[in-house]
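These notes concern the structure reproduced below.
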Amino acid sequence: MVVTYKCPDCGAAMAFDGKSGKLNCESCGREIPVEEYERQYGSDSGQAEAEADEDEEAPLGEDTYIRSGSREEEQTVQMQMYHCPSCGAELMTDEHTAAVICSFCGNPGLIADRMSGVIKPKAVLPFQITKEQAVERFLKWTRHGLLTPKEFTSRNTIEKITGMYVPYWLYDYHVNVAMRARATRSRRMRRGDTEYIYTDHFSVYRSMDTDFERVPVDASERMEDSVMESLEPYDYTQLKAFDMAYLAGYQAEKYNFSSDSLQGRAKNRAREAAIGMTRSTIDSYESVQVVDQRVQIQEKRVDYVMMPVWVLNYRYQNQNYAFTLNGQSGKLNGRLPISAGKVAKWFGIISGLSFAGLMAMAWIGGLML
């Protein structure tokens, strides 16, 4: 089932607007808060059917670790067909797509069964950076590259920028680090004409308990892990209880990897951070050598959430380039392509200036002789 949020005034498809934080109709300009839309029109829009399994979701209580099941290992991609509720066109999607935009009429649609039951997210972090703001930051970023090809900033390229909700697991841990170290501190004393240096040796012990909340790990195989980490941090105080209306107008994926399969990455992040914090408490020494450490990690909780990311993928001279932007804070990551033509042009200019400079120096040298 594909769900579209219809404007109660004109019947056009509505999309979530990150700037206003409301559902917006581009046709007539009507704006409605998500909660109000659900309260007044939810049952008529098909949303009630999409949320039929909400009450069956397992509670995410304290001191629990939710296991979501193993990832299906399949060599083939399963495609499914859905009908656009606005124009009737057939939409082809793979098994991971949760929100689509119709290529024929441009209206957004949400595939309800992809977000219900055991795979329904706990929360969503709504977009706060609009498409216009994302494009502006993209263009500002490209201006830093003097050798960037002109077609990289063309209208056709910019229109491909896509708002996407990326699936994440957020882990809570309690970590205890017990650390032993050898440390030294020197002091100087002078007696007459002689200076003595005394080195004191210390055996240092530290034990630190730390709680980590919402350690993020992206669960999409399409998004590069290092790129997703570079977009952090997110402000989790802005998380909203999941509602499909927030996805209207954007692309969205369900998770590819279960919480079990990714907990190694999350635990490692918590472990390294806890070790660093413990080590930082051993200060005021000239030298410190850690000789032993023990780390205990207790899994407390894990939540499945959706994070906002603007994505622009670009292919130039048989190479792929990606621009990604945190849809909440605007923090970006990307690599600019280099135009061979501009490289040749700048090389020619620099060579010409260098040659002119050498000729001028030679002429000045001749006058001096």
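- In this structure, CG on L325 lies 10.5 Å from CG on L312, to the nearest 0.5 angstrom.
- Between the side chain of R185 and the backbone N or O of S284 there is at least one donor-acceptor pair closer than 3.5 Å.
- In summary, the side chains of E286 and S186 do present a donor paired with an acceptor at a separation below 3.5 Å, with no hydrogens or angles considered.
- The shortest side-chain heavy-atom distance between K122 and F242 does not fall under the 4.5 Å cut-off.
- The backbone N or O of T130 lies less than 3.5 Å from a partner atom in the side chain of Q133, making a donor-acceptor pair.
- Nearest heavy atoms, W141 versus L332: CD1-CD1, 3.7 Å.
- Considering CG of D225 and OG of S230, their distance stands at 11.0 Å, rounded to 0.5 Å.
- Between S287 and T184, the side chains place a donor N or O and an acceptor N or O closer than 3.5 Å (distance only, hydrogens not considered).
- In this structure the side chain of N176 never reaches within 4.5 angstrom of the side chain of M208, judged on heavy atoms.
- The same ILVMFWY cluster, assembled from side-chain heavy atoms under 4.5 Å apart, contains both Y285 and M277.
- Side-chain heavy atoms closer than 4.5 Å link hydrophobic residues (I, L, V, M, F, W, Y) into clusters, and following such links, possibly through other members, connects V215 to V175.
- Evaluation of the side chain to side chain donor-acceptor pair (under 3.5 Å) test over residues 7-16, restricted to residues two or more places apart or in two chains, returns D9-R30.
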Derivation of the side-chain contact (heavy atoms from CB on, under 4.5 Å) call for I161 and V311: CA-CA 6 Å; I161 194 167; V311 180; over 6 Å; no

Dump the intermediate steps for side-chain contact (heavy atoms from CB on, under 4.5 Å) on C7 and S27, then the final yes or no. CA-CA 9 Å; C7 175; S27 297; over 6 Å; no

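- Between E253 atom CD and E221 atom CD the span is 8.5 Å, to the nearest 0.5 Å.
- In this structure, R301 forms no cation-pi arrangement with Y171, as its terminal cationic atom is not both closer than 6.0 Å to the ring centre and no more than 45° off the ring axis.
- Looking only at side-chain heavy atoms (C-beta outward), V290 and M179 come within less than 4.5 Å of each other.
- Side-chain atoms of T278 and R206 form no donor-acceptor pair, as typed in the model, at a separation below 3.5 Å.
- By the 30° and 60° cut-offs, the orientation of the rings of F323 relative to F138 is perpendicular.
- Across all their heavy atoms, D17 and S20 have their closest contact at OD2-OG, 2.9 Å.
- Residues Q251 and T162 bring no donor and acceptor atom of their side chains to less than 3.5 Å of each other.
- Put simply, M223 and V124 are part of two different groups of oily side chains (I, L, V, M, F, W, Y) that touch within less than 4.5 Å, one to the next.
- Note that CZ of R187 and CD1 of I197 are 11.5 Å apart. Values are rounded to the nearest 0.5 Å.
- The shortest non-hydrogen separation linking S259 to V302 is CB-CG2, 4.0 Å.
- Of the possible polar contacts, none joining the Y255 side chain to the V166 backbone as a donor-acceptor pair under 3.5 Å is found.
- Taking each heavy atom of V217 and A266 in turn, the nearest pair found is CG2-CB, 3.7 Å.
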For the pair K131 and E136, evaluate salt bridge (Lys or Arg N to Asp or Glu O under 4.0 Å) and give the outcome as yes or no after the intermediate values. CA-CA 9 Å; K131 183 174 183 178; E136 180 181 347; over 6 Å; no

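- Within 6.0 Å of CD in E213 there are 12 or fewer heavy atoms belonging to other residues, nucleotides or ligands.
- At least one donor-acceptor pair under 3.5 Å links the side chain of N326 to the backbone N or O of S329.
- Checked for salt-bridge contact, K22 and E35 miss the test: no charged N lies under 4.0 Å from a carboxylate O.
- D172 has its side chain out of reach of F212: every pair of non-hydrogen atoms, C-beta onward, lies at least 4.5 Å apart.
- Ion pair R214/D303 not flagged as a salt bridge, since none of the NZ, NE, NH1 or NH2 atoms sits closer than 4.0 Å to an Asp/Glu carboxylate oxygen.
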Pair E299-Q263, side-chain contact (heavy atoms from CB on, under 4.5 Å): steps then yes or no: CA-CA 9 Å; E299 303 161 358; Q263 64 173 303; 2.6 Å; yes

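- Few gaps surround NZ on K331; more than 12 heavy atoms of other groups in view lie less than 6.0 Å from it.
- A cation-pi arrangement is found for R191 relative to Y196, the charged atom lying closer than 6.0 Å to the ring centre and inside a 45° cone about the ring normal.
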Take W169 and F257 through the ring pair (Phe, Tyr, Trp, His ring centres under 6.0 Å) test and state the conclusion after the steps. CA-CA 9 Å; W169 294 107; F257 303 105; over 10 Å; no

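- Cluster membership for M14 and Y246, using ILVMFWY side-chain heavy atoms within less than 4.5 angstrom, is shared.
- The hydrophobic cluster containing L23 also contains L247, counting ILVMFWY residues as joined when their side-chain heavy atoms lie under 4.5 angstrom apart, directly or transitively.
- Of all the heavy atoms in W310 and I129, the pair that sits closest is NE1-O, 2.9 Å.
- Taking the side chain as every heavy atom from C-beta outward, P216 and Y236 approach each other to under 4.5 Å.
- Salt-bridge check for D218 with R265: passed, with a basic side-chain N closer than 4.0 Å to an acidic carboxylate O.
- Using a distance-only test at 3.5 Å, with no hydrogens or angles considered, a donor-acceptor pair links the side chain of Q328 to the main chain of D235.
- Residue L239 holds its CG atom at 5.0 Å from CG of L125, rounded to the nearest 0.5 Å.
- Looking at every heavy atom in both residues, Y173 comes nearest to A270 through CD1-CB, 3.8 Å.
- The structure places OG of S258 at 12.0 Å from OH of Y304, a figure rounded to the nearest 0.5 Å.
- Counting heavy atoms from C-beta on, the side chains of K254 and P167 never come closer than 4.5 Å.
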Y165 and Y250: ring pair (Phe, Tyr, Trp, His ring centres under 6.0 Å), yes or no, with the steps? CA-CA 7 Å; Y165 279 103; Y250 301 94; 5.7 Å; yes

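- Within 6.0 Å of atom CZ in R188, 12 or fewer heavy atoms from other residues, nucleotides or ligands are found, so the atom counts as exposed in its surroundings.
- Formation of a donor-acceptor pair under 3.5 Å by the K19 side chain with backbone atoms of Q128 is not found in this model.
- The shortest distance between side-chain heavy atoms of E195 and M189 does not fall below 4.5 Å.
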Kindly determine whether F16 and Y5 satisfy ring pair (Phe, Tyr, Trp, His ring centres under 6.0 Å), including the steps that lead there. CA-CA 10 Å; F16 180 77; Y5 287 80; over 10 Å; no

Criterion side-chain contact (heavy atoms from CB on, under 4.5 Å) on V177 and R271, from CA distance to verdict: CA-CA 9 Å; V177 178; R271 179 181 183 275; over 6 Å; no

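- Residues Q293 and R180 fail the side-chain proximity criterion, which asks for heavy atoms closer than 4.5 Å.
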